[in-house]
Amino acid sequence: MSNQKLVERETEDESNNTIHHPYAFHVSGPRKLSAPNWRDLINSSWKDGNYKRTVIACFIQAVYLLELDRQENRSQETALAPKWFIPFKYKLSRTLIDERDGSIYGAILEWDRSAALSDFILIRPSCAPRAILALRGTLLKGPTLRRDIADDLRFLAWESLKGSVRFNGVLEALRSISDAYGSHNVAVAGHSLGAGFALQIGKSLAKQGLFIETHLFNPPSVSLAMSLKNMGEKAVVAWQKVKSMVSSNTAVTSNEDAGGGDNQVTFNKWVPHLYVNNSDYICCYYTDPAGGDGGGGGDEKENVKPPSAANGHLAAKLFVLSKGKQKFLEAHGLEQWWSDDLELELALQSSKLISKQLKSLHSVTNRR
């Protein structure tokens, strides 16, 4: 559950022999994406789903690079991360740090009013969040590897991240910006393992009536663990050993996901956006239809509403990228989500896995 292409290498501009880092924004960032300007006062770019998806993916990339900048002791002048959010008039407000190893696993980015005013942007564009909490996935580099992998195994073993130290850190951070700006003015987003945290935190807050815009890139699939059963008895025995090594909060999880409760939940205000690739075995199970009568793709483009799901309400927006057979690193990479030639389909079927993830939110207790 990682952005495994984040491996150090350098590229050279043959025209002037200048060395450019491959993850510099001008090298690997989106090519045709304009920065906010005064025209956004009339017609905000953030109203376009493609624009929003692209910018939020860039913000998550910035979190990966914040950790790489830290590991490589980059100065403020040479840091890679800021270029991935400054052009969009956002600033770094706070980093989420794992105190056990000092690694950065998330960041809060806030609308930079001063920077916007310098470009004659008098107000924040419509649909642009006041603050965004971005969460990275696993980094297969440096001291954070151990903690990242531990959370990967925790999710696969228990289908929950609530036993993780980082879970509480994310929950506290999201609550703090929601209290400061209002839940309708904030968003949470993550890639891979970070998407797993974002989904579970978003669901936890939704149960409390706090609905936060949520964007999940290559979210981990609980069916990945279940598929190991197909590998035979030895694989199951080995998996049980892994589960015994990873702490869990199974009692808490089962109680919350059992559904029902004393409060009626008419869940139609929290609709997470999931971005999956059919060639990515970590997230492809989200495209399995609930009815078992077809694939997960659809025939409508982004920003078109699909049919209602559970209880007559929209469960989630599932955007599927299918380019035929791809290598895993490409299919799971974050950079595909700001590609110039990206074409998404909005899945029409009700996903079995989405229904499983969100079933407790769609439960209504009828008490008279």
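Worth saying up front: this structure is predicted, and the values here are computed from it rather than measured.
- Contact record, L210 with S183: CD1-CB, 3.5 Å, taken as the closest heavy-atom pair.
- Atoms NE2 and CZ, from H273 and F217 in turn, are 10.0 Å apart once rounded to the nearest 0.5 Å.
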key: side chain to side chain contact (heavy atoms under 4.5 Å, CB included) between I60 and L135, intermediate numbers included   = CA-CA 6 Å; I60 299 173; L135 305 166; over 6 Å; no

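- Partners of R70 under the side-chain hydrogen bond (donor to acceptor under 3.5 Å, both in side chains) rule, at least two apart in sequence or in another chain, are E67.
- Counting non-hydrogen atoms of other residues, nucleotides and ligands closer than 6.0 Å to CD of Q208 gives a total above 12.
- Pairing each heavy atom of V186 with each of Y181, the nearest pair is CG1-CB, 4.2 Å.
- Side-chain atoms of R113 do not come within 3.5 Å of backbone N or O of L117 as any donor-acceptor pair.
- Between E213 and K52 there is a salt bridge, since a side-chain N of the basic residue sits under 4.0 Å from a carboxylate O of the acidic one.
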Test side chain to side chain donor-acceptor pair (under 3.5 Å) on W337 and T54; report intermediate values, then the result. CA-CA 6 Å; W337 301 111; T54 299; over 6 Å; no

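- Counting only heavy atoms from C-beta outward, the side chains of P219 and L274 approach each other to under 4.5 Å.
- If you take CD1 on I201 and CD1 on I212, they are separated by 9.5 Å, rounding to the nearest 0.5 Å.
- A donor-acceptor pair is defined here as one N or O able to donate and one able to accept, closer than 3.5 Å; such a pair exists between the side chain of W338 and the backbone of S28.
- Looking at S279, its side chain does come within 3.5 Å of a backbone N or O of Q326 through a donor-acceptor pair.
- Side-chain contact between L33 and V55 is present, with at least one heavy-atom pair separated by less than 4.5 Å.
- Put simply, the side chain of D119 never gets that close to the backbone of I121: no donor and acceptor are under 3.5 Å apart.
- Note: the hydrophobic cluster containing I282 also contains L329 (ILVMFWY, side chain heavy atoms under 4.5 Å, direct or indirect links).
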Next item on the list: Apply the test side chain to side chain donor-acceptor pair (under 3.5 Å) to residues S164 and D151: give CA-CA distance (whole Å), side-chain angles for both, the deciding distance (0.1 Å), then the verdict.
Entry: CA-CA 7 Å; S164 170; D151 280 338; 3.0 Å; yes

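- Expressed to the nearest 0.5 Å, how far OG of S176 lies from CG of L133 amounts to 8.5 Å.
- Side-chain atoms of T78 never come within 3.5 Å of backbone atoms of R74 as a donor-acceptor pair (strictly under, hydrogens ignored).
- At distances below 3.5 Å, not a single donor-acceptor pair connects side-chain atoms of N218 with backbone N or O atoms of N277.
- In this structure, Y51 and F88 have perpendicular ring planes: the angle between them is above 60°, well past the 30° mark.
- Between the side chains of S103 and T144, a donor-acceptor pair is found at a separation under 3.5 Å.
- Sorted by first then second residue, the salt bridge (charged side-chain N to carboxylate O under 4.0 Å, His left out) pairs that include residues 164-186, not counting sequence neighbours, are R94-E172, D98-R166, D148-R166.
- Here the closest heavy-atom approach between residue P125 and residue W111 is recorded as CD-CH2, 3.4 Å.
- No side-chain heavy atom of Y90 sits under 4.5 Å from any side-chain heavy atom of D112.
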- Message: If you apply the rule side chain to side chain contact (heavy atoms under 4.5 Å, CB included), what do you find for V320 with L344, and how did you get there?
- Response: CA-CA 6 Å; V320 181; L344 297 178; over 6 Å; no

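- Summarising the geometry of I108 relative to A131, their closest heavy-atom pair is CG2-CB, 4.4 Å, with the distance given to 0.1 Å.
- A donor-acceptor pair under 3.5 Å links the side-chain atoms of H191 to the main chain of H332, judged by distance alone.
- Two residues are said to be in side-chain contact when any heavy atoms from C-beta on lie closer than 4.5 Å; K317 and F319 meet this criterion.
- Aromatic ring pairs are classed by plane angle as parallel below 30°, tilted from 30° to 60° and perpendicular above 60°; the pair Y275 and H215 is parallel.
- Taking SG from C58 and CD from E335, the interatomic distance works out to 11.0 Å, rounded to the nearest 0.5 Å.
- Taking 4.5 Å as the limit, some side-chain heavy atom of S160 sits within range of a side-chain heavy atom of Q200.
- Minimum interatomic distance between S221 and Y286 (heavy atoms only, all atoms of both residues): CA-CE1, 4.0 Å.
- T95 places no side-chain N or O within donor-acceptor distance of the main-chain N or O of I97, the cut-off being under 3.5 Å.
- In this structure, W84 and F25 have perpendicular ring planes: the angle between them is above 60°, well past the 30° mark.
- The two residues A81 and A62 have their closest heavy-atom pair at CB-O, 3.4 Å.
- For CZ of R100, the number of neighbouring non-hydrogen atoms (other residues, nucleotides, ligands) closer than 6.0 Å is greater than 12.
- A distance of 4.5 Å separates CD1 in I132 from CD1 in I56, rounded to the nearest 0.5 Å.
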task = Start with the C-alpha distance between V170 and L96, add both sets of side-chain angles, then the distance that settles side chain to side chain contact (heavy atoms under 4.5 Å, CB included), and finish with yes or no.
result = CA-CA 8 Å; V170 175; L96 275 60; 4.0 Å; yes

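- A heavy-atom distance below 4.5 Å is not found between the side chains of H21 and V27.
- Looking only at distances, no side-chain donor or acceptor of S126 sits under 3.5 Å from a matching main-chain atom of S44.
- Judged by distance alone, with hydrogens and angles left aside, the side-chain atoms of Q336 form a donor-acceptor pair with the main-chain N or O of G333 at under 3.5 Å.
- Contact annotation: the side chain of P36 never approaches that of S45 to less than 4.5 Å [non-hydrogen atoms, C-beta and beyond].
- Within the cation-pi definition used here (under 6.0 Å to the ring centroid, within 45° of the axis), R136 does not qualify as a partner of Y105.
- Using a 4.5 Å heavy-atom cutoff, the side chains of L68 and L80 are not in contact.
- Rounding to the nearest 0.5 Å places CD of E345 at 11.0 Å from CG of L318.
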_What verdict does the side chain to side chain contact (heavy atoms under 4.5 Å, CB included) test give for F197 and L193, after you've listed the backbone C-alpha separation in whole Å, the side-chain angles of each residue and the deciding distance to 0.1 Å?_
CA-CA 7 Å; F197 278 109; L193 177 62; 4.0 Å; yes

